[in-house]
Each structure stands twice: as C-alpha cells, then as structure tokens.
2 protein chains.
Amino acid sequence: MSLPHAILTALLEKPSSGLELTRRFDKSIGYFWSATHQQIYRELGKLEAEGHIRALPSQQPARGQKKSYEVLPAGRAELARWTAASQDPKPYRETLFLRLRAAAAIGTEGVAGIEADLRRHLELHRRQLSEYEEIEQRDFPPGKDSPQDRLQHLILRAGIDLETFWTRWLTHALEEFAELPDQSR
Amino acid sequence: MSLPHAILTALLEKPSSGLELTRRFDKSIGYFWSATHQQIYRELGKLEAEGHIRALPSQQPARGQKKSYEVLPAGRAELARWTAASQDPKPYRETLFLRLRAAAAIGTEGVAGIEADLRRHLELHRRQLSEYEEIEQRDFPPGKDSPQDRLQHLILRAGIDLETFWTRWLTHALEEFAELPDQSR
DNA sequence: ACGGTTTATGCAACTAGTTGCAGAACCAGG
DNA sequence: CCTGGTTCTGCAACTAGTTGCATAAACCGT
C-alpha cells in the first residue's frame with residue numbers, strides 16, 4: 001500500500017502529469033521506491049476515483065494529451081494518516097546473499113561462477129555512490145538547513161551510507177574469495 | 001524467480017519436509033529471503049513436477065503425513081546455472097524513507113507523527129543486530145574457516161553491517177529531529 | 001474411546017508489481 | 001498536406017507474494 005502514497009508525496013511536492021511522474025520516479029523518489037509508468041497511470045486513476053487527487057482543469061482531457069493532477073485535501077489527510085501510522089520493517093529480499101549461500105551449498109563449481117558478478121555489482125554500487133555524493137554537493141551546500149532540507153538530506157545520507165555498505169562489503173567479499181584455496185574456485 | 005532456488009539451496013543443505021522448510025525460512029535463510037508455508041508448498045509441487053526434486057520414498061505420502069524432499073541432479077544443475085547467471089541489483093523499496101519524504105512534503109503535522117515509529121524501528125534493529133552478533137559468537141569461533149564457513153560468515157557479516165547501518169542512521173535521524181524548531185514537530 | 005490441541009499439508013482468492021502491446025495526439029522533413 | 005517517429009496514456013495478461021481458510025492425521029489427557 002505504498003505506491004499511492006509515493007504518488008501523493010510526489011504530487012504534493014509538485015503537480016504533474018503521468019509521464020512527468022514517471023520521469024521523477026526514475027530518479028529522486030525512485031531511488032527508494034521505483035515504479036513503472038503503467039503502475040503510475042493505474043494508481044492515478046484509482047486516486048482520482050477516491051477523491052484524493054484531481055486533474056487540473058486547465059486542459060481538456062483527451063488521449064495523447066497531457067493531463068496534470070494535484071492533491072486534494074482528502075489526499076493530503078490520507079497521506080498524513082499513512083505517514084504517522086506505525087509500520088513494521090519488511091524482511092530483506094536480497095538475491096546476492098541467496099546466491100552466495102547457494103554457491104556454498106553447491107561447492108567448487110558454484111563458487112567459481114559468482115565472482116565475476118560480485119565485481120560487476122561492486123562497480124555499479126560505486127557508481128551509485130558517487131552519483132549520490134554529487135547530488136549532496138550540488139543540493140545541500142553548508143547553508144541549506146531549513147527543516148525541509150534537513151529531512152531531505154537525511155534521506156540522501158541513508159542512500160550514501162547504504163551504498164557505502166555495499167562497496168565495503170563487496171570489496172571484503174572479493175578479498176575473501178581471493179584467499180579461498182584454488183580447488184574451491 | 002528466486003524462491004525455487006532458495007528452496008533448492010535449503011534442501012541441498014539438508015533434505016526436509018514442507019514444514020521443516022517453513023521453520024528454516026523463519027530463521028537462517030529467512031533473514032534474507034522470507035517465505036510463508038503456502039509459498040513453499042506450492043513451489044515444492046512445481047519443483048517436483050519439473051523433476052528438480054523428489055519426495056524421499058521412505059514414507060507413503062498421505063495427508064497430515066510428513067513428506068520429505070531431496071534435490072535431484074537436475075535441480076542441482078539448475079541451481080548452479082542460476083547462481084552463476086548475472087543479475088542486476090533491484091532498486092530498494094523502503095517505506096521508511098518514503099514516509100520521511102512524505103513528512104517533509106506535508107510539513108509540521110507530518111513530521112510530528114513519525115518520530116515514535118523511528119524509535120521503535122531503532123529498537124527492532126538493535127535487537128536484530130545483537131541476535132546476529134550472538135550467532136556470530138556461537139557459530140563462527142576463530143578456528144572455523146573452511147571455505148564453506150567463510151562464505152556463510154561473509155553473509156552473516158552483511159547482515160551485521162546492514163543492521164549497524166540502520167541503528168546508526170536511525171540514531172542520527174532522531175538527533176536531527178531533536179534539533180528541528182518546535183513548530184515543525 | 002473420546003474430544004481438544006498441535007502438526008502438517010494444501011486450495012482459493014486477493015494484492016502488488018511486471019511485461020507486452022497498442023492507440024491517439026504532436027511534431028518534423030519532404 | 002502526409003508520413004513516420006516521438007510523446008503520452010492506457011489496457012490486458014502474467015508473475016510473485018499474502019491472507020484466510022480447510023482438512024486430516026497425530027498426540028495427549030481423561
């Protein structure tokens with residue numbers, strides 16, 4: 001039940017059309033909640049039906065025509081309710097750990113196959129990390145510390161710390177691999 | 001397409017019945033790939049139909065009767081194939097970040113509601129962290145460093161590091177909250 | 001031997017997310 | 001103008017995961 005609230009948040013920050021939302025979900029919000037355009041359009045329909053958002057009246061709604069939405073008071077209230085409601089952390093779902101465990105269970109041949117992909121992941125996470133660090137430099141210079149900025153920065157820090165975890169852990173994993181006896185690789 | 005492979009791994013480590021698998025998915029493997037008993041039974045049926053596993057012939061299969069499975073060579077091969085195949089990291093889906101961003105967009109009332117749940121999450125992650133640390137003490141004493149042990153330990157380290165990230169970040173977040181001007185809380 | 005709890009397996013329906021495709025408007029070049 | 005690519009919206013079908021319930025054997029105290 002998170003996607004509708006992700007969309008409400010995005011629309012609250014700035015009224016947008018479906019495609020604009022899709023683009024914004026490819027970065028920014030999408031860093032921690034991704035969505036495809038089909039999900040977004042479907043959800044926009046539901047949210048409109050429920051009276052949480054409405055199409056901006058400025059243009060007639062026709063196919064192939066931009067249709068922008070804004071959040072209604074009811075939508076804002078629902079978002080506030082959801083944000084304040086207590087939620088349990090969901091268990092991880094991480095295939096890399098699974099594959100490592102599978103490799104251990106299989107033995108020699110299993111271990112050999114996975115090393116290259118670990119390297120690839122390390123490279124990807126390094127890239128993501130430096131992307132986040134650029135954003136930090138650009139969007140959060142020393143002076144910017146309104147309550148809003150502080151919260152946004154906090155979220156970005158989480159992204160940076162997570163990517164830092166990944167690069168460290170993957171580096172450590174590859175070192176371990178290097179030390180394994182040859183017949184296990 | 002990860003659940004069947006998680007099950008194959010578990011069965012490779014030790015042939016088990018559906019319920020035994022369910023219990024094992026509540027800990028150990030479940031720390032990074034959770035599954036309910038219904039998912040498991042369904043998947044066991046599919047895996048058997050595909051010839052990847054088979055029921056141990058020791059007991060007649062009747063309702064309310066334990067039925068244990070073991071991995072067949074075809075299943076082992078499939079697991080090795082999957083493990084070695086390159087996979088992209090999936091984008092995070094983290095509601096806590098989403099809720100924080102929503103709180104920022106809503107303003108004062110939004111920020112107020114979420115603080116208690118951050119504290120609760122911090123407590124939960126602290127608990128998980130110490131659980132992992134106990135497992136490390138118990139299962140990985142200094143001497144244990146066969147290739148298998150090293151890989152298992154590596155996975156556990158990832159869990160420990162992730163929980164460490166969460167406790168640190170949540171602590172930091174709560175400190176930031178404390179510094180926000182009163183009308184924003 | 002009886003009735004209640006626990007163990008073990010499973011079906012059906014639902015929710016969330018993904019993939020593939022298609023159709024209308026809009027824009028640029030001949 | 002018309003044609004062919006791009007933008008924008010959307011439907012339909014599929015896969016993965018969740019929730020609620022059913023059913024039967026086993027186990028256990030009386």
Side-chain angles (χ1 to χ4, degrees), chain A residues 1-8 10-11 15-26 29-30 32-50 53-56 58-69 82 87-95 98, chain B residues 1-8 10-11 15-26 29-30 32-50 53-56 58-69 82 87-95 98:
Chain A
M1 286 293 293
S2 300
L3 180 58
H5 302 98
I7 292 177
L8 284 172
L11 288 180
S16 307
S17 69
L19 199 67
E20 281 164 349
L21 279 177
T22 305
R23 299 223 192 294
R24 294 173 61 195
F25 271 78
D26 283 344
I29 295 181
F32 49 89
W33 206 273
S34 63
T36 61
H37 77 275
Q38 289 85 348
Q39 277 179 282
I40 289 168
Y41 282 117
R42 219 187 325 174
E43 216 54 61
L44 283 173
K46 282 192 209 169
L47 285 168
E48 189 176 24
E50 290 164 357
I53 61 173
R54 72 163 176 196
L56 286 180
S58 53
Q59 56 250 316
Q60 71 291 2
R63 231 184 144 83
Q65 194 87 325
K66 270 196 197 186
K67 192 164 51 162
S68 280
Y69 294 90
W82 177 81
Q87 276 182 255
D88 284 333
K90 289 201 312 177
Y92 299 136
R93 282 264 163 75
E94 182 48 58
T95 45
L98 206 50
Chain B
M1 285 293 291
S2 300
L3 181 58
H5 301 98
I7 292 176
L8 285 173
L11 289 180
S16 308
S17 68
L19 199 68
E20 282 163 350
L21 280 177
T22 305
R23 300 221 191 296
R24 294 172 61 195
F25 271 78
D26 284 342
I29 295 181
F32 48 90
W33 205 272
S34 63
T36 62
H37 77 274
Q38 290 85 347
Q39 276 180 283
I40 289 168
Y41 283 117
R42 220 186 325 172
E43 216 54 61
L44 283 173
K46 281 193 209 168
L47 285 167
E48 190 177 24
E50 290 164 356
I53 62 173
R54 71 163 176 195
L56 287 180
S58 52
Q59 57 250 317
Q60 72 291 1
R63 231 183 144 83
Q65 194 87 323
K66 270 197 196 184
K67 192 163 53 163
S68 280
Y69 294 91
W82 177 80
Q87 277 181 252
D88 285 333
K90 290 202 311 176
Y92 299 137
R93 284 264 163 77
E94 182 49 57
T95 45
L98 205 50

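Note that the coordinates shown come from a computational prediction; the quantities given were computed from them, not determined experimentally. Note on naming: letters A, B, ... go to the chains in the order of the sequence lines (proteins, then strands), and numbering restarts at 1 for each one.
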Seminar exercise, completed: Between CZ of B/Phe25 and C1' of D/dA16 the distance, given in whole Å, is 14 Å
For this session: Let me know the distance between CD1 of A/Ile7 and P of D/dT9, rounded to the nearest Å.
Result: 13 Å
For this session: Flag the pair B/Leu19 / B/Ile40 as yes when at least one side-chain heavy-atom distance between them is below 4.5 Å, and no otherwise.
Result: no
Exercise. Where the side chain of A/Lys67 is defined as all heavy atoms beyond and including C-beta, which of C/dG17, D/dG10, C/dA16 is the nearest nucleotide?
Worked result: D/dG10
Problem set entry | Minimum heavy-atom distance between A/Leu3 and A/Ala35, given as atom pair plus value | CD1-CB, 3.8 Å
Exercise. Is A/Arg93 near enough to D/dA16 that one of its side-chain N or O atoms lies under 4.0 angstrom from OP1 or OP2?
Worked result: no
Exercise. Between D/dT9, C/dA16, D/dG17, which one does the side chain of B/Leu3 approach most closely?
Worked result: D/dG17
Exercise. Which value, rounded to the nearest 0.5 Å, describes the distance between A/Arg42 atom CZ and A/Leu47 atom CG?
Worked result: 12.5 Å
Seminar exercise, completed: Residue pair B/Gly18/A/Thr36 against DNA chain C: nearer the 5' end by closest nucleotide is B/Gly18
Exercise. What closest approach, in Å, do B/Ser2 and A/Thr95 show between heavy atoms, and which atom pair accounts for it?
Worked result: OG-CG2, 3.1 Å
Exercise. In whole angstroms, how far is the C1' atom of D/dT6 from the CG atom of A/Leu19?
Worked result: 11 Å
For this session: Please report the closest heavy-atom contact between B/Arg24 and B/Ser16, naming both atoms and the distance.
Result: NH1-OG, 3.1 Å
Exercise. Below 4.5 Å, heavy atoms only, C-beta onward: do B/Ser17 and B/Lys67 meet side chain to side chain?
Worked result: no
Problem set entry | Non-neighbouring partners of A/Glu50 that pass side chain to side chain donor-acceptor pair (under 3.5 Å), sequence neighbours left out | A/His52
Seminar exercise, completed: What residues 37-47 of chain B contributes to the DNA chain C interface at heavy-atom separation below 4.0 Å is B/His37, B/Gln38, B/Tyr41
Exercise. Between D/dG17 and A/Lys90, is there an OP1 or OP2 to side-chain N/O distance shorter than 4.0 Å?
Worked result: no
Exercise. NA contact type, A/Ser17, heavy-atom cut-off 4.0 Å: base, sugar-phosphate, or nothing?
Worked result: sugar-phosphate
Problem set entry | Nucleotide D/dA16, atom C1' - distance to NE2 of B/His5 in whole Å | 14 Å
For this session: Could you state the atom-to-atom distance from CD of A/Glu20 to P of D/dC8 in whole Å?
Result: 8 Å
